[in-house]
Amino acid sequence: MKFIKNKKVIFLFIAIIIIVILSIFAFNLYNGKKEEEKVINLDFETLAPKIENMMDIENTRMENVDKTVLKDKFGIDENCVLEVIGKLPILNVKSNMYIVVKVTPDQKENVKQKFEDYGLNMEKEWENYLSDEYTKVKERKIGIVGDYVYFIVSSNKDMIVDLLK
């Protein structure tokens with residue numbers, strides 16, 4: 001009789017542990033879905049001037065980034081690009097640049113990888129050149145927010161990334 005009582009207690013204890021573990025798993029799964037479903041809509045018309053005011057680009061000759069530039073310089077398929085804003089230096093005097101691209105959801109990781117590859121090439125270009133600019137290139141920010149992928153080289157990169165969130 002005592003053995004049966006102990007068996008019931010052990011069974012009850014195991015059942016409670018399983019319920020707690022499943023509850024934690026379900027809670028984490030639910031919270032993960034909420035983050036993924038968070039919709040972000042950036043207004044590129046107002047975002048571009050804000051970013052440019054945070055960067056030291058006023059005395060630098062810059063090229064606007066469009067779908068053609070993304071294709072030619074980064075190898076990004078134009079068909080996955082929904083919107084894009086950005087500026088790239090025309091000459092390698094300053095390394096400051098920014099690109100924010102709204103892409104089709106299935107291409108976010110691919111575009112991010114293209115930016116990462118480009119960033120590695122930038123490091124090679126700048127490593128024996130101006131040390132301050134090389135440091136900015138090494139500390140670049142590349143990431144994904146919603147359906148947007150960004151690439152930022154600036155001493156104010158963290159403030160710019162905060163604008164995107």
Side-chain angles (χ1 to χ4, degrees), residues 25 27-165:
F25 177 74
F27 178 76
N28 287 335
L29 184 64
Y30 175 74
N31 278 342
K33 290 279 186 201
K34 281 184 7 186
E35 286 298 317
E36 288 175 15
E37 293 170 5
K38 185 178 177 185
V39 176
I40 295 175
N41 286 313
L42 298 176
D43 179 5
F44 278 180
E45 211 171 290
T46 58
L47 183 62
K50 287 179 183 176
I51 292 173
E52 290 169 23
N53 284 336
M54 297 175 127
M55 298 180 74
D56 179 25
I57 61 173
E58 64 275 347
N59 295 324
T60 306
R61 293 194 58 212
M62 302 295 279
E63 168 184 20
N64 287 322
V65 177
D66 59 18
K67 288 182 178 186
T68 304
V69 171
L70 288 176
K71 181 183 175 204
D72 294 345
K73 291 198 179 203
F74 299 89
I76 296 172
D77 181 10
E78 296 177 33
N79 295 320
C80 75
V81 177
L82 304 175
E83 289 183 86
V84 60
I85 57 171
K87 297 262 187 193
L88 294 172
I90 292 174
L91 303 171
N92 281 347
V93 177
K94 294 272 187 185
S95 62
N96 292 331
M97 61 174 278
Y98 78 93
I99 303 171
V100 182
V101 184
K102 183 174 186 179
V103 296
T104 55
D106 62 323
Q107 290 296 310
K108 293 186 285 191
E109 289 297 329
N110 183 41
V111 170
K112 183 181 178 203
Q113 184 60 54
K114 299 279 186 178
F115 284 163
E116 288 173 356
D117 294 344
Y118 187 84
L120 293 173
N121 288 331
M122 278 184 78
E123 275 189 48
K124 290 175 187 170
E125 287 178 26
W126 285 95
E127 70 185 341
N128 295 317
Y129 199 40
L130 304 167
S131 63
D132 290 345
E133 299 301 316
Y134 176 59
T135 300
K136 280 194 279 187
V137 169
K138 283 191 337 185
E139 296 174 353
R140 65 191 170 274
K141 291 284 186 176
I142 299 171
I144 298 172
V145 177
D147 289 336
Y148 299 88
V149 184
Y150 59 86
F151 184 125
I152 300 166
V153 177
S154 170
S155 53
N156 293 328
K157 64 193 170 299
D158 294 323
M159 290 177 13
I160 295 168
V161 170
D162 286 344
L163 282 176
L164 305 175
K165 294 183 177 180

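No hydrogens, no waters, no symmetry mates; every other heavy atom, side chains included, goes into these values. This one's a predicted model, so the numbers in the text were calculated from it and none came from an experiment.
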Inset, instruction - Could you tell me which residues satisfy ring-ring contact (aromatic ring centres under 6.0 Å, His included) with Tyr134, sequence neighbours excluded, listed by chain and number? - result: none
Inset, instruction - For Asn156 and Met54, indicate whether the former's side chain and the latter's backbone hold a donor-acceptor pair under 3.5 Å. - result: yes
Inset, instruction - Examine distances only and state if a side-chain atom of Tyr148 and a backbone atom of Leu42 form a donor-acceptor pair shorter than 3.5 Å. - result: yes
Legend entry - Listed partners of Glu139 passing salt bridge (Lys or Arg N to Asp or Glu O under 4.0 Å), at least two apart: Lys157
Inset, instruction - Write out all pairs satisfying ring-ring contact (aromatic ring centres under 6.0 Å, His included) with one or both partners inside residues 83-102, taking only residues at least two apart or from two chains. - result: none
Legend entry - pair Val101-Ile76: side-chain heavy atoms closer than 4.5 Å: no
Those residues that, when tested against [X], pass side-chain contact (heavy atoms from CB on, under 4.5 Å) (two or more places apart):
X: Asp66; value: Thr68, Val69
X: Asp43; value: Glu45, Thr46
X: Leu82; value: Lys102, Thr104
X: Ile144; value: Lys108, Glu109, Lys112, Val149

Atom pair [atom1]/[atom2] of [X] and [Y] - distance to nearest 0.5 Å:
X: Ile99; Y: Ile142; atom1: CD1; atom2: CD1; value: 9.5 Å
X: Met62; Y: Met97; atom1: CE; atom2: CE; value: 8.0 Å
X: Lys50; Y: Leu163; atom1: NZ; atom2: CG; value: 6.5 Å

Inset, instruction - May I have the step-by-step check of side chain to side chain contact (heavy atoms under 4.5 Å, CB included) for Ile152 and Ile51, ending in yes or no? - result: CA-CA 10 Å; Ile152 300 166; Ile51 292 173; 6.0 Å; no
Side chain to side chain donor-acceptor pair (under 3.5 Å) with [X]: which residues, sequence neighbours excluded?
X: Ser154; value: none
X: Asn110; value: Gln107
X: Gln113; value: Asp117

Inset, instruction - Kindly indicate, with the supporting measurements, whether the criterion side chain to side chain contact (heavy atoms under 4.5 Å, CB included) is fulfilled by Ile160 and Tyr150. - result: CA-CA 10 Å; Ile160 295 168; Tyr150 59 86; over 6 Å; no
Work out which heavy atom in [X] is nearest to a heavy atom in [Y]; give both atom names and the distance.
X: Val65; Y: Lys87; result: CG2-N, 3.8 Å
X: Val111; Y: Cys80; result: CG2-SG, 4.1 Å
X: Ser95; Y: Val137; result: CB-CG2, 3.5 Å

Inset, instruction - Sequence neighbours left out, what pairs pass salt bridge (Lys or Arg N to Asp or Glu O under 4.0 Å) with at least one residue falling in residues 120-134? - result: Glu123-Arg140, Glu133-Lys136
Inset, instruction - Write out all pairs satisfying salt bridge (Lys or Arg N to Asp or Glu O under 4.0 Å) with one or both partners inside residues 68-86, taking only residues at least two apart or from two chains. - result: Glu63-Lys73
Inset, instruction - Describe, in one word, how the ring planes of Tyr118 and Phe74 are oriented to each other, choosing from parallel (under 30°), tilted (30 to 60°) and perpendicular (over 60°). - result: tilted
